[in-house]
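Note sheet for the following structure.
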Amino acid sequence: MSFDPDPELSTEEVQQRVDEAIAENEVVLFMKGTELMPQCGYSKRALGLIGQYREDVETVDVLPALDAFRDALEAHSGWETIPQTFVDGEFVGGSDVLAELEEKGELAETLEA
């Protein structure tokens with residue numbers, strides 16, 4: 001079995017995917033890999049932290065067009081690093097920010113959309 005990424009996604013298609021995911025989901029995580037197969041430790045960590053409090057998180061794999069996703073996400077958040085979490089359309093942060101919120105006891109409240 002081989003992995004076939006999406007055919008080359010245009011910048012416009014990536015921007016549309018990002019805009020729609022943020023607008024249409026209470027909690028969305030842009031990550032490297034999928035929910036079943038995270039492809040980086042930071043994405044896996046973010047997914048685990050969110051998963052403690054939410055079952056209904058939308059995940060978007062950025063690997064099929066990483067550079068385009070970085071640009072599109074930076075337009076929304078000011079950050080180009082992955083993963084990125086948005087709640088109710090607002091940028092929350094990456095795995096380090098989620099971990100800090102968890103340590104402060106604020107992550108559950110943050111994720112309540």
Side-chain angles (χ1 to χ4, degrees):
M1 178 170 23
S2 65
F3 172 72
D4 295 320
D6 288 345
E8 189 64 35
L9 293 170
S10 72
T11 302
E12 294 78 22
E13 289 171 314
V14 168
Q15 186 67 56
Q16 183 177 355
R17 284 187 184 191
V18 168
D19 294 345
E20 288 176 358
I22 292 171
E24 296 174 2
N25 296 283
E26 287 184 0
V27 179
V28 62
L29 173 65
F30 294 91
M31 61 183 285
K32 292 179 181 174
T34 65
E35 198 170 347
L36 296 176
M37 260 185 121
Q39 296 297 306
C40 88
Y42 296 110
S43 292
K44 183 176 182 176
R45 182 180 185 199
L47 189 62
L49 287 164
I50 294 168
Q52 294 179 92
Y53 303 103
R54 297 289 300 234
E55 291 181 15
D56 58 337
V57 58
E58 178 71 19
T59 60
V60 178
D61 181 4
V62 301
L63 289 176
L66 185 58
D67 290 336
F69 272 104
R70 282 186 202 274
D71 292 343
L73 287 167
E74 187 174 9
H76 282 277
S77 67
W79 287 31
E80 64 176 31
T81 58
I82 308 293
Q84 290 192 21
T85 307
F86 290 81
V87 177
D88 275 344
E90 297 293 321
F91 176 61
V92 174
S95 62
D96 291 346
V97 172
L98 295 177
E100 288 175 20
L101 290 169
E102 175 68 3
E103 287 175 20
K104 294 178 185 176
E106 299 172 2
L107 185 58
E109 182 179 342
T110 300
L111 293 173
E112 289 179 12

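Only heavy atoms go into these numbers, but all of them, side chains included; no hydrogens, no water, no symmetry mates.
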> Should we say atom OH of Y53 is surrounded by more than 12 heavy atoms from elsewhere, each under 6.0 Å from it?
Replying inline: yes

Nearest 0.5 Å, please: how far is [atom2] in [Y] from [atom1] in [X]?
| X | Y | atom1 | atom2 | result |
| --- | --- | --- | --- | --- |
| R54 | E26 | CZ | CD | 5.0 Å |
| M37 | L63 | CE | CG | 11.5 Å |
| L73 | Q15 | CG | CD | 8.5 Å |
| L107 | L49 | CG | CG | 6.0 Å |
| Q52 | L98 | CD | CG | 10.0 Å |

> Can you list every pair that meets salt bridge (charged side-chain N to carboxylate O under 4.0 Å, His left out) and has a residue in residues 30-53, with sequence neighbours left out?
Replying inline: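 Only R45-D96 qualify under salt bridge (charged side-chain N to carboxylate O under 4.0 Å, His left out).
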
How close do [X] and [Y] get, heavy atom to heavy atom, and via which atoms?
| X | Y | result |
| --- | --- | --- |
| L29 | P83 | CD1-CB, 3.8 Å |
| I22 | G89 | CG2-CA, 3.6 Å |
| L9 | P64 | CD1-CB, 4.3 Å |
| D61 | G33 | OD1-N, 3.0 Å |
| P38 | L47 | CG-CD2, 4.3 Å |

> side chain to side chain contact (heavy atoms under 4.5 Å, CB included) between L111 and V87: does it pass, once the steps are laid out?
Replying inline: CA-CA 7 Å; L111 293 173; V87 177; 3.9 Å; yes

When you compare the side chain of [Y] with that of [X], does any pair of heavy atoms fall below 4.5 Å?
| X | Y | answer |
| --- | --- | --- |
| W79 | V97 | yes |
| L66 | I82 | yes |
| L101 | V92 | yes |
| V27 | D56 | no |
| V18 | F86 | no |

> Taking the six-membered ring for Trp, are F30 and F69 parallel (under 30°), tilted (30 to 60°) or perpendicular (over 60°)?
Replying inline: tilted

> Restricting to pairs with a member in residues 66-77, which pass side-chain hydrogen bond (donor to acceptor under 3.5 Å, both in side chains), not counting sequence neighbours?
Replying inline: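 Residue pairs with at least one partner in residues 66-77: D19-H76, S77-Q84.
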
> side-chain hydrogen bond (donor to acceptor under 3.5 Å, both in side chains) with Q16: which residues, sequence neighbours excluded?
Replying inline: E20

> Y42 and V62: same hydrophobic cluster, using ILVMFWY side-chain contacts below 4.5 Å?
Replying inline: no

